[in-house]
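Structure first, then comments.
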Amino acid sequence: MTSLSPQLTQQQRHYLERIATYTAVIVTTFVVLIPLIWGFLSTIRPSEELFSWPPVIVPSDVSFENYHILFEQTNFALYFRNSLIVALTTIILTLLIAIPAAYAVSRYEFHGRRYIANLSVLIYMFPLILLGIPLFIIFQNIGLTNSLFGLALAHTAFALPFALLLLRVFFLDITPEIEESARLAGASRVTIVTKIILPLSLPGIVATSIFAFFLSWNEYFFALIILNDNALYTLPLGIANLIDMATTNWGMILGGVMIMILPPVLFVFLVYKHLIKGFGVSTV
């Protein structure tokens with residue numbers, strides 16, 4: 001007995017799969033963007049509409065006064081500058097330490113080298129409070145508290161284990177025969193690393209930079225225990241400092257959050273091609 005439903009051809013199945021995929025992507029993107037769209041609309045709507053019920057989707061009056069107040073009456077620009085300094089310093093320090101360390105782990109033979117990178121990520125198993133207190137005592141003894149460089153150093157220490165593990169994977173994907181050929185041609189170790197290893201592992205370096213930037217840009221706990229001067233606050237601390245128990249301008253605070261989101265998004269957009277290559281790396 002033949003089936004009443006016609007069999008789909010391979011081309012029809014292909015079209016249905018593409019339709020299902022694009023539909024899932026569109027729906028997921030829309031769901032992810034809803035909080036961002038609502039947050040932005042909340043920054044330009046009148047204050048009385050923020051807590052109205054039922055919610056007012058389209059603002060009755062559009063105003064950018066909250067952004068004007070944010071930059072004119074608060075230290076938001078200073079917080080933004082401090083976060084940028086700390087994040088960029090964290091990226092530089094992380095790469096300066098992680099690149100030679102990961103290269104050494106992937107190329108030189110020594111006891112336990114196969115486990116050092118993997119075991120280093122055990123630091124992420126400990127609650128931050130256990131790491132923050134001894135870190136604060138050490139920084140206080142060496143004069144690095146209330147310092148943007150001290151905060152960047154703390155972020156670097158927390159970013160290094162994963163950075164070491166990630167870069168090690170990329171270095172292991174580069175065949176030693178390439179280095180051996182360059183060495184036979186008379187190239188020094190420094191030349192091999194700078195002219196061959198680093199360009200070939202650029203996706204891994206970009207992925208590591210993004211990880212370090214995101215960690216530093218959004219980090220709150222270390223900033224809270226290291227910084228005590230309002231002029232040195234980063235964005236997470238500064239925005240939290242704008243909350244007043246009595247009268248809180250939530251539209252202004254949401255405006256600060258919207259601006260805080262922009263640099264990570266812009267950073268990922270600029271290095272998107274290298275990041276995609278980094279996602280495709282095999283694990284070792």
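- Annotation: side chain to side chain contact (heavy atoms under 4.5 Å, CB included) contacts of Ala20 (sequence neighbours excluded): none.
- Looking at Ser216, its side chain never comes within 3.5 Å of a backbone N or O of Ala212 through a donor-acceptor pair.
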### Message
Walk me through whether Ile205 and Ile99 qualify under side-chain contact (heavy atoms from CB on, under 4.5 Å).
### Response
CA-CA 8 Å; Ile205 295 175; Ile99 288 176; 4.1 Å; yes
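- Residues Leu78 and Leu232 have side chains not in contact (no heavy-atom distance under 4.5 Å, counting atoms from C-beta outward).
- Residues Leu70 and Ile259 form a side-chain contact, since some pair of their non-hydrogen atoms from C-beta on lies under 4.5 Å apart.
- From Tyr103, atom OH reaches atom CZ of Arg168 across 15.0 Å, with rounding to the nearest 0.5 Å.
- Put simply, the side chain of Ile239 reaches to within 4.5 Å of the side chain of Ile253, judged on heavy atoms.
- Going from atom CG of Leu41 over to atom CE of Met258 covers 10.0 Å, rounded to the nearest 0.5 Å.
- The aromatic rings of Phe76 and Phe71 sit perpendicular, their planes meeting at an angle over 60°, well past the 30° parallel limit.
- Transitive grouping of hydrophobic side chains (ILVMFWY, heavy atoms separated by less than 4.5 Å) brings Leu84 and Leu153 into a common cluster.
- Ile226 contributes atom CD1, which lies 8.5 Å from atom CZ of Phe136 (distance to the nearest 0.5 angstrom).
- We find the CG-OG distance between Leu167 and Ser201 to be 7.0 Å, quoted to the nearest 0.5 Å.
- At a threshold of 4.5 Å between non-hydrogen side-chain atoms, the residues Asn218 and Pro236 do not count as touching.
- Of all heavy-atom pairs between Pro203 and Leu200, the closest is CD-O, 3.9 Å.
- For Ser83 (side chain) and Leu235 (main-chain N/O), a donor-acceptor pair under 3.5 Å exists by modelled atom type.
- Using modelled atom types, one side-chain atom of Glu219 and one backbone atom of Phe221 make a donor-acceptor pair closer than 3.5 Å.
- The aromatic rings of Phe267 and Phe213 lie perpendicular to each other, with more than 60° between the two planes, well past the 30° mark.
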### Task
Show your reasoning for whether side-chain contact (heavy atoms from CB on, under 4.5 Å) applies to Leu215 and Thr90.
CA-CA 9 Å; Leu215 184 148; Thr90 300; 5.5 Å; no
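- The shortest side-chain heavy-atom distance between Tyr22 and Arg18 falls under the 4.5 Å cut-off.
- With rounding to the nearest 0.5 angstrom, the CD1 atom of Ile138 is 11.5 Å from the CD atom of Gln140.
- Classification of the Phe162-Phe211 ring pair by plane angle, with boundaries at 30° and 60°, yields tilted.
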#### Entry: Derivation of the side-chain contact (heavy atoms from CB on, under 4.5 Å) call for Thr145 and Ile225
CA-CA 8 Å; Thr145 55; Ile225 65 174; over 6 Å; no
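- Linking Ile, Leu, Val, Met, Phe, Trp and Tyr residues whenever their side-chain heavy atoms come within less than 4.5 Å places Leu36 and Phe214 in a single cluster.
- For Asn66 (side chain) and Gly255 (main-chain N/O), no donor-acceptor pair under 3.5 Å exists by modelled atom type.
- At a cut-off of 3.5 Å, with distance as the only test, a side-chain donor of Asn230 or Tyr79 sits close to an acceptor on the other residue.
- The structure places CZ of Phe171 at 9.5 Å from CG of Leu164, a figure rounded to the nearest 0.5 Å.
- Phe30 and Val32 fall into different hydrophobic clusters, where Ile, Leu, Val, Met, Phe, Trp and Tyr residues are linked whenever their side-chain heavy atoms come under 4.5 Å apart, directly or through other members.
- Residues Leu151 and Thr234 have side chains in contact (heavy-atom distance under 4.5 Å, counting atoms from C-beta outward).
- Although no hydrogens or angles enter the test, the distance criterion places no donor-acceptor pair under 3.5 Å between the side chain of Trp250 and the main chain of Thr43.
- In this pair, Trp217 and Phe80 present their aromatic rings perpendicular. The plane angle is above 60°, beyond the 30 to 60° band.
- No donor-acceptor distance shorter than 3.5 angstrom exists from the side chain of Asn241 to the backbone of Leu237, with no hydrogens or angles considered.
- Within the 3.5 Å criterion, the main-chain N or O of Leu227 finds no donor-acceptor partner in the side chain of Asn146.
- Hydrophobic clustering, with ILVMFWY side chains joined whenever heavy atoms are under 4.5 angstrom apart, keeps Leu202 apart from Ile92.
- Counting only distance, with no hydrogens or angles, the side chain of Asn82 and the backbone of Ala231 share a donor-acceptor pair below 3.5 Å.
- Met260 and Leu33 fall within the same hydrophobic cluster, defined by Ile, Leu, Val, Met, Phe, Trp and Tyr side-chain heavy atoms under 4.5 Å apart, directly or through other members.
- Thr89 and Ile85 make their closest contact through OG1-O, 2.7 Å (heavy atoms, listed as atom of the first residue, atom of the second, distance).
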